[in-house]
2 protein chains.
Amino acid sequence: MSTQQGFERRYQAPEREPIIEVDERLFLKSAARSFYVLEAFARSPRPLSLAEVAKGAKISKSAAQRVVQTLLVLGYLERSPTGTGVVPGRRILDRSFDYLRSNPLIERATPILTELRKTCGERVDLSLFDDVTILYAIRLQSKRETFYATLSGRRMPTFATAGGRAMLACLDDRHADDILRRSKLAPLTPKTIVDPALIRQRIEEARRDGYAYVQEEALMGEIVVAAAVVKERNMPAGAIHIAGSLADWSVEDFRKRFAPLAIEAARALSG
Amino acid sequence: MSTQQGFERRYQAPEREPIIEVDERLFLKSAARSFYVLEAFARSPRPLSLAEVAKGAKISKSAAQRVVQTLLVLGYLERSPTGTGVVPGRRILDRSFDYLRSNPLIERATPILTELRKTCGERVDLSLFDDVTILYAIRLQSKRETFYATLSGRRMPTFATAGGRAMLACLDDRHADDILRRSKLAPLTPKTIVDPALIRQRIEEARRDGYAYVQEEALMGEIVVAAAVVKERNMPAGAIHIAGSLADWSVEDFRKRFAPLAIEAARALSG
DNA sequence: ACGGTTGTATCGATCATCAATACTCATGCA
DNA sequence: TGCATGAGTATTGATGATCGATACAACCGT
């Protein structure tokens with residue numbers, strides 16, 4: 001089950017902590033089922049019929065029926081406006097609001113990011129470390145950017161993003177290597193670096209310089225510098241990204257100009 | 001139970017549709033419990049102990065224990081970094097990403113909003129209609145703005161926001177009145193209009209002008225114009241807001257300048 | 001050492017949930 | 001018109017996952 005793999009990941013020790021022992025008997029299968037249903041939309045972001053829900057969540061049609069009814073009542077699913085099928089519900093946004101509001105890092109980061117964006121005039125993001133992926137939590141756009149590429153909640157592979165590399169640079173080699181080994185090193189663009197040795201070299205540079213950068217590794221035409229926000233024991237919590245366009249900047253100018261700002265902002269949030 | 005009231009609301013016919021009959025027997029109580037736990041953080045956005053979770057979700061401590069364990073495994077809760085208690089988990093953001101991505105309105109709105117923000121230089125928001133509240137889905141900040149006031153997922157009362165009034169103006173009087181009647185007409189600032197007759201007058205104006213505006217009714221110093229995005233049968237789906245500061249603009253200048261832009265953007269998204 | 005928290009673990013009874021199946025209602029095709 | 005398909009809905013009794021009480025452990029400040 002792919003979903004199972006999904007949270008076996010979570011047992012891994014992303015912070016070198018003891019593996020979480022979860023007593024099977026304390027795990028509520030029926031509760032989990034609801035989330036499997038919601039997660040089905042991650043794979044197919046469109047209205048799903050009952051049968052598709054059942055298939056996507058790997059549950060019986062009967063179970064899907066009841067879960068869907070329940071989630072409709074609660075507002076976490078809505079009937080598709082097209083008449084057939086269901087889609088994720090607005091109520092989900094309330095929960096993400098709670099998440100953002102509960103997270104002290106994000107609360108502290110918001111004014112700093114806004115200031116930073118004002119100073120830079122470029123896109124500014126806060127990403128959170130989450131093992132082999134990073135998760136964008138706050139995104140302040142600048143110019144025209146495409147689609148949902150800039151939605152918060154988006155995940156990107158740690159190895160191929162500036163923020164991810166900046167965070168890997170905070171970890172010891174063993175842990176960073178562990179993440180690289182478990183990462184699917186698939187290129188996102190023709191310029192994505194997928195050779196572990198080269199990635200390690202970039203991480204080493206980031207460790208030396210205090211920031212990381214990528215050129216067109218996640219999106220063509222884009223350059224990003226990023227600095228890690230660390231908590232105690234130098235564990236990475238997140239990263240500040242500043243992203244610009246190669247149409248506007250040379251790589252060297254961009255790095256020279258924005259890297260210090262990213263580092264400063266990240267430092268203000270660290271500790 | 002306040003939570004119960006929460007979704008009895010959803011039985012109401014926000015779109016004049018037949019009341020949803022929900023067979024009690026199809027409602028999964030144990031599934032709902034998990035969401036009650038997550039919803040507890042809406043009331044107290046801070047780490048909650050097991051006992052607090054139990055109290056907040058109105059379930060027994062044992063049930064809370066099992067739900068919490070389950071949600072920890074799934075990533076929808078995380079142990080608080082402070083050591084004690086749990087907080088909402090990063091995985092929630094994945095679901096909000098799915099929501100945003102599944103919603104065609106939001107997908108279509110993103111480039112238009114970005115363009116609009118570039119043109120205006122002021123804050124631009126997309127809100128969604130949800131009965132007595134509106135829900136901010138996309139927020140493109142401009143200047144320095146405070147705190148989480150500008151997070152997406154935030155809800156505001158329909159009656160006191162420009163977008164809310166623009167959407168009420170799309171409804172027939174009976175329905176709009178129904179919403180006003182069920183709204184808690186509590187002032188958000190000293191300048192919030194809470195007199196239903198006055199609100200109706202403003203709605204009437206909005207109907208005439210094709211947009212609504214509020215001055216300092218939600219936040220002192222702020223002026224907002226908004227136009228409704230409608231779907232078929234003129235039902236409001238959401239609204240485009242443009243928000244500026246009274247420090248920068250006179251009310252009249254702001255309206256004259258930005259109302260047409262909001263209307264145009266809303267029209268482009270409607271239908 | 002204490003009373004107060006935390007979070008964790010165990011247990012058998014019971015009632016909510018299970019899967020299977022049959023139903024109604026649209027829609028599409030011939 | 002009629003049949004086939006896939007949509008969502010409804011009903012059932014058996015079963016076993018989940019219930020709540022309670023006990024335990026680990027920590028805190030006094």
Side-chain angles (χ1 to χ4, degrees), chain A residues 1 4 10-11 17-37 40-41 44 46-74 76-87 89, chain B residues 1 4 11 17-37 40-41 44 46-74 76-89:
Chain A
M1 268 206 243
Q4 289 287 346
R10 300 200 59 76
Y11 296 147
E17 281 165 349
I19 289 172
I20 302 170
E21 282 297 332
V22 176
D23 191 329
E24 294 277 324
R25 286 167 296 182
L26 286 179
F27 187 83
L28 301 182
K29 299 179 191 176
S30 57
R33 252 185 286 265
S34 308
F35 293 96
Y36 299 157
V37 167
F41 292 92
S44 16
R46 58 192 171 74
L48 297 184
S49 75
L50 213 45
E52 289 171 318
V53 166
K55 196 172 163 197
K58 298 195 169 68
I59 59 180
S60 72
K61 192 190 166 193
S62 309
Q65 176 189 182
R66 290 188 303 273
V67 171
V68 165
Q69 288 291 348
T70 304
L71 295 181
L72 282 172
V73 171
L74 296 176
Y76 294 99
L77 286 179
E78 296 175 13
R79 287 181 199 289
S80 164
T82 65
T84 184
V86 292
V87 293
Chain B
M1 263 204 244
Q4 290 287 346
Y11 296 147
E17 280 165 347
I19 289 172
I20 301 170
E21 283 297 331
V22 176
D23 191 330
E24 294 278 323
R25 285 167 296 182
L26 285 179
F27 187 83
L28 301 183
K29 300 179 190 177
S30 58
R33 251 185 286 266
S34 308
F35 292 95
Y36 298 157
V37 166
F41 292 92
S44 18
R46 57 191 172 76
L48 297 184
S49 74
L50 212 47
E52 290 171 317
V53 166
K55 197 172 162 195
K58 298 195 169 66
I59 59 179
S60 73
K61 191 190 164 192
S62 306
Q65 176 190 182
R66 289 188 300 272
V67 171
V68 164
Q69 288 290 348
T70 304
L71 294 181
L72 281 171
V73 171
L74 296 176
Y76 294 99
L77 286 179
E78 294 175 12
R79 289 183 197 287
S80 165
T82 66
T84 183
V86 292
V87 293

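Quick note on labels: first sequence line is chain A, next is B, and so on, each numbered from 1.
- Here the closest non-hydrogen pair linking A:Arg46 and A:Val87 is C-CG1, 4.4 Å.
- Atom CD in A:Gln69 sits roughly 14 Å away from atom P in C:dC18 (whole-Å rounding).
- Side-chain atoms of A:Ser60 lie closest to C:dA19 of the nucleotides C:dA19, C:dT8, D:dG8.
- Side-chain nitrogen and oxygen atoms of B:Ser49 include at least one within less than 4.0 Å of the OP1 or OP2 phosphate oxygen of C:dT6.
- The shortest distance between side-chain heavy atoms of B:Ser34 and B:Tyr76 does not fall below 4.5 Å.
- No side-chain heavy atom of A:Leu48 sits under 4.5 Å from any side-chain heavy atom of A:Val37.
- Whole-Å rounding puts the A:Lys29 NZ to D:dG16 P distance at 11 Å.
- The phosphate of D:dA17 (OP1 or OP2) has no side-chain N or O of B:Arg66 nearer than 4.0 angstrom.
- As a whole-Å value, the separation of B:Leu28 CG from D:dC19 P is 12 Å.
- Rounding to whole angstrom units, CD of residue A:Glu52 and C1' of D:dG6 are separated by 11 Å.
- Closest non-hydrogen pair, B:Phe41 versus B:Pro88, comes out as CD2-CD, 3.6 Å.
- If you measure from atom NZ of A:Lys61 to atom C1' of D:dG6, you get 9 Å, rounded to the nearest angstrom.
- The phosphate of D:dG8 (OP1 or OP2) has no side-chain N or O of A:Gln65 nearer than 4.0 angstrom.
- When the C1' atom of C:dT5 is taken as reference, atom CG of B:Leu50 falls 12 Å away, rounded to whole Å.
- Between the CD atom of A:Gln69 and the CD atom of A:Gln65 there is a distance of 6.5 Å, given to the nearest 0.5 Å.
- Straight-line distance from the CZ atom of A:Arg33 to the P atom of C:dA19: 6 Å, rounded to whole Å.
- In terms of position on DNA chain D, the residue among B:Ala63 and A:Ala51 whose nearest nucleotide sits closer to the 5' end is A:Ala51.
- Rounded to an integer number of Å, the gap from B:Leu72 CG to C:dG7 C1' is 11 Å.
- For D:dA21, the OP1/OP2 oxygens have no side-chain nitrogen or oxygen of B:Ser62 closer than 4.0 Å.
- Mapping B:Ser30 and B:Gly85 onto DNA chain C by nearest heavy atom places B:Gly85 at the nucleotide closer to the 5' end.
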